[in-house]
Enquirer: 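Following this message is one structure expressed as structure tokens.
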Amino acid sequence: MTNKTALVISAHSADFVWRCGGAIALHQKRGYDVTVVCLSYGERGESAKLWKQEGMTLDKVKTERRKEAENAAAALNAHDIQFFDLGDYPLELDREAKDRLVDVIRKVQPQFMLTHSKYDPYNTDHMYASQVTLEARMIAQAWGHNPGEKVLGAPQVYLFEPHQTEQMGWKPDTFLDISEVWEQKRAAIECMQGQEHLWDYYTNVAQNRGNHFRRNSGGQSGGRAATHAEGFQSIFPRTVDEL
Ligand SMILES: [Zn+2]
């Protein structure tokens, strides 16, 4: 039997760590194969600390960011991480790059997908990645695209928590208890040497979402005492057999 699968689409090489590292580690533990696609390394816009070093070049920054992301993916036990190296600030996908993303989606055949919030005026790369994800998902479902390939079903798309949450029009409808994999997520966070200013910030976010999990979990999760959680906003309705 083949494993269940999930796919994360991250605009820059560190985004998947802060925003859904717990979901990655947890689903790996539950027997899923989770694939991460980093559309860029965040080499121009999210690597300020590296650029402050003497003699820094774009290639050196990319190499460093790639190493950090690979280490983080290993800490989360992610099945696979792929780097599209499409550039950042701005991130842009031409037809060929979009088709490459469609190919990955069809190959992975994810049970669910994770990506950025729909709106992000601070970082248009993030909302662009979200839009491109929905476009690629749609194309992957089309019988007329590369006929003969296995088309995609209808996986849920979860939008992970953005930075500056309240400014993004992002409203979580799902809290995932990541308590049992928190140490893995923290280890992955600490792989991001260039963004140490975010380590404690995202620890606090996870603790606060743990509080929200506890506050809402009475009927759904037996009131389990989660210490850490991640919030997600789902794009599509859930289909259920019981409420
Ligand atoms: Zn980013």
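No hydrogens, no waters, no symmetry mates; every other heavy atom, side chains included, goes into these values. Note that ligands are numbered from 1 as they come in the structure, with each ligand's atoms numbered from 1 the same way.
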Enquirer: Looking at His126, pick out the N, O or S atom nearest to the Zn ion (ligand 1) and give its name.
Expert: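 Looking at His126, the N, O or S atom with the least distance to the Zn ion (ligand 1) is NE2.
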Enquirer: Decide, counting backbone as well as side-chain atoms, whether His116 has an N, O or S atom less than 2.8 Å from the Zn ion (ligand 1).
Expert: no
Enquirer: Quick check on side-chain hydrogen bond (donor to acceptor under 3.5 Å, both in side chains): which of Arg66, Lys62, Arg65, Glu46 does Tyr41 satisfy it with?
Expert: Arg66
Enquirer: Regarding Glu46, does it place an N, O or S atom less than 2.8 Å from the Zn ion (ligand 1)?
Expert: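 Of the N, O and S atoms in Glu46, at least one lies under 2.8 Å from the Zn ion (ligand 1), which means yes.
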Enquirer: Donor-acceptor pairs under 3.5 Å, side chain of residues 142-152 to any protein atom, not counting sequence neighbours: which ones?
Expert:
residue: Asn146; atom: ND2; partner: Glu149; partner atom: OE2; Å: 3.3
residue: Glu149; atom: OE1; partner: Arg106; partner atom: NH1; Å: 2.9

Enquirer: Could you tell me whether the Zn ion (ligand 1) has an N, O or S atom of Asp15 under 2.8 Å away?
Expert: yes
Enquirer: For the Zn ion (ligand 1), find the closest N/O/S atom belonging to His12 and write down its atom name.
Expert: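 This residue's closest N, O or S atom turns out to be ND1.
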Enquirer: For a quick test of reading the model, state the closest non-hydrogen atom pair linking Trp170 to Leu159 and the distance between them.
Expert: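 Looking at all heavy atoms of both residues, the shortest contact is NE1-O, 3.0 Å.
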Enquirer: Under 4.5 Å between any side-chain heavy atoms of Tyr158 and Met113, yes or no?
Expert: no
Enquirer: If you measure only the distance, is there a donor-acceptor pair under 3.5 Å linking the side chains of Asp120 and Gln164?
Expert: no
